[in-house]
Amino acid sequence: MKVLGIETSCDDTGVAIYDTDHGLLAHCLASQVELHALYGGVVPELAARDHVKLLQPLVMKTMEVAETSADQIDGVAYTAGPGLSGALLVGASLGRALAWAWQVPAVGVHHMEGHLLAPMLENTPPSFPFIALLVSGGHTLLVDVVDIGRYSLLGGTVDDAVGEAFDKTAKLLGLSYPGGPSIAKAAETGRSDRWKFPRPMTDRPGLDFSFSGLKTFTRNTVPQGEIDSQTVSDIAAAFQEAAVDTLVIKCKRALHQTGRRRLIVAGGVGANLLLRSRLKEMTKAEGKKVFYPRSEFCTDNGAMIAYAGTLRLQGGNRQGLDFTVRPRWSLVDLEPLERIAN
Ligand code: KG4
Ligand code: ZN
């Protein structure tokens with residue numbers, strides 16, 4: 001079974017083709033980073049218009065790379081939410097229309113389920129059950145994953161998502177958008193012990209997060225007037241240390257609380273190298289195991305949507321012609337899926 005996957009929930013246009021016999025055949029990405037960098041963040045209307053321009057040529061390119069013709073596609077998956085409504089509508093409209101034209105089933109995929117299943121695309125995928133740390137620009141979630149579609153929420157953020165904190169802190173430091181990679185880069189030459197940032201909500205029980213305090217701490221730490229590059233690096237390093245430390249503490253707590261043996265990390269912030277190495281150390285010390293997608297599948301991409309869509313289509317999920325998008329959509333509202341062997 002070959003499935004075309006389309007991702008347009010935010011500022012990346014992603015397309016991929018997943019084959020149940022041969023794995024991922026092709027994945028292509030068109031990033032809008034330069035367009036939004038001018039404004040220091042994603043401008044929803046511009047994102048939607050750019051998807052309109054980029055998506056159809058990207059679908060054609062992906063089919064060419066995969067050496068797959070329209071009559072070989074068995075289904076189409078597109079991100080139906082959560083995300084920016086205009087952006088989502090572009091992918092959903094084209095995805096649903098292509099499925100109709102090709103007379104194959106379509107399915108709307110939950111963006112965070114895509115992230116959550118992305119480690120399955122790697123050579124050593126985790127088996128169920130596991131704990132998922134989902135960290136992106138819009139979400140910070142700890143989820144107990146029993147099986148596909150059987151999710152219970154262990155914790156979430158009470159204010160900013162961790163990716164958002166990276167983005168806002170970068171802006172305060174005069175670093176470029178998106179903030180995650182620029183903070184990580186600046187931190188390479190910084191001293192993380194010049195300032196001690198707080199580890200929010202780690203001194204009380206529970207698995208919820210709060211990241212807006214880190215951004216405020218940065219605002220109060222940044223000196224008035226001209227700021228030298230060493231100070232920028234030192235603040236970036238101290239911020240990154242605090243954000244990563246906080247995530248690691250909560251992951252450890254979630255593993256203890258549930259007794260699960262495996263942890264997966266996905267979403268854009270999952271590309272952060274310090275987070276990856278600290279979680280590896282922590283899980284090793286605890287006798288547990290951590291799994292990640294490769295970095296390019298941590299940030300938004302079409303491959304995770306093609307893969308999650310394949311599993312959903314195999315499980316009988318279908319979207320009728322009356323499709324819609326869901327800008328707000330909780331993971332726990334998803335239907336459990338009886339997994340069907342290939
Ligand atoms: O999953 P994603 O690509 O899009 C959303 O669904 O939000 O995540 C984007 C977020 C941004 O906030 C970006 O700054 C952050 O992921 N990010 C990182 C890194 N790469 C991307 N944060 C920390 N370190 C990174 N290396
Ligand atoms: Zn995402």
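This is a predicted model, so every value here is computed, not measured. Both counts, for ligands and for their atoms, begin at 1 and track the order of listing.
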What I'd like to find out is whether the side chain of [X] reaches to under 4.5 Å of the side chain of [Y], using heavy atoms alone.
| X | Y | answer |
| --- | --- | --- |
| His110 | Arg326 | no |
| Lys288 | Leu263 | no |
| Tyr151 | Leu116 | yes |
| His27 | Asn301 | no |

Nearest neighbour in protein (non-hydrogen) for [atom]:
| atom | result |
| --- | --- |
| atom 18 (C) of ligand 1 | Gly180 CA, 3.4 Å |
| atom 24 (N) of ligand 1 | Asn272 ND2, 3.0 Å |
| atom 3 (O) of ligand 1 | Asp300 N, 3.0 Å |
| atom 7 (O) of ligand 1 | Gly137 N, 2.8 Å |

Measure the distances from the heavy atoms of His139 to every atom of ligand 1 and state whether one is below 4.0 angstrom.
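His139: no contact with ligand 1 (<4.0 Å).
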Is the distance between the ring centroids of Phe166 and Phe211 under 6.0 Å?
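So the answer is no for these two rings.
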Check: His111 N/O within less than 3.5 Å of ligand 1 N/O
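By distance alone, the answer is yes.
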State whether Asp74 and Lys2 are salt-bridged, where the test is any N-O pair (Lys NZ or Arg NE/NH1/NH2 against Asp/Glu carboxylate O) under 4.0 Å.
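Salt bridge absent between Asp74 and Lys2.
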Take atom CD in Glu335; do more than 12 heavy atoms of anything else shown fall under 6.0 Å from it?
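At most 12 heavy atoms, drawn from other residues, nucleotides or ligands, come within 6.0 Å of this atom.
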Quick one: name the protein N/O/S atoms under 2.8 Å from the Zn ion (ligand 2), chain by chain.
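Near the Zn ion (ligand 2), below 2.8 Å, one finds His111 NE2, His115 NE2, Asp300 OD1.
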As an exercise, identify every atom of ligand 1 less than 4.0 angstrom from a heavy atom of Gly163.
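What qualifies from ligand 1 is 12 (O).
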Under 4.0 Å from a heavy atom of Asp167: give me the atoms of ligand 1 that qualify, with their elements.
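Numbered from 1, ligand 1 contributes 11 (C), 12 (O), 13 (C), 14 (O).
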Nearest 0.5 Å, please: how far is CG in Leu279 from CG in Leu274?
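With rounding to 0.5 Å, CG (Leu274) is 9.5 Å from CG (Leu279).
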Once rounded to the nearest 0.5 Å, what's the spacing between atom CG of Asp50 and atom CG of Leu55?
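Answer for the CG-CG pair, Asp50 versus Leu55, is 11.0 Å.
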Quick one: closest heavy-atom pair of Val290 and Lys280, and the distance?
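Minimum heavy-atom contact is CG1-CA, 3.8 Å.
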Identity of the nearest option to atom 19 (C) of ligand 1, non-hydrogen atoms only, from Gly138, Cys298, Gly268:
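Closest candidate by heavy-atom distance is Gly268.
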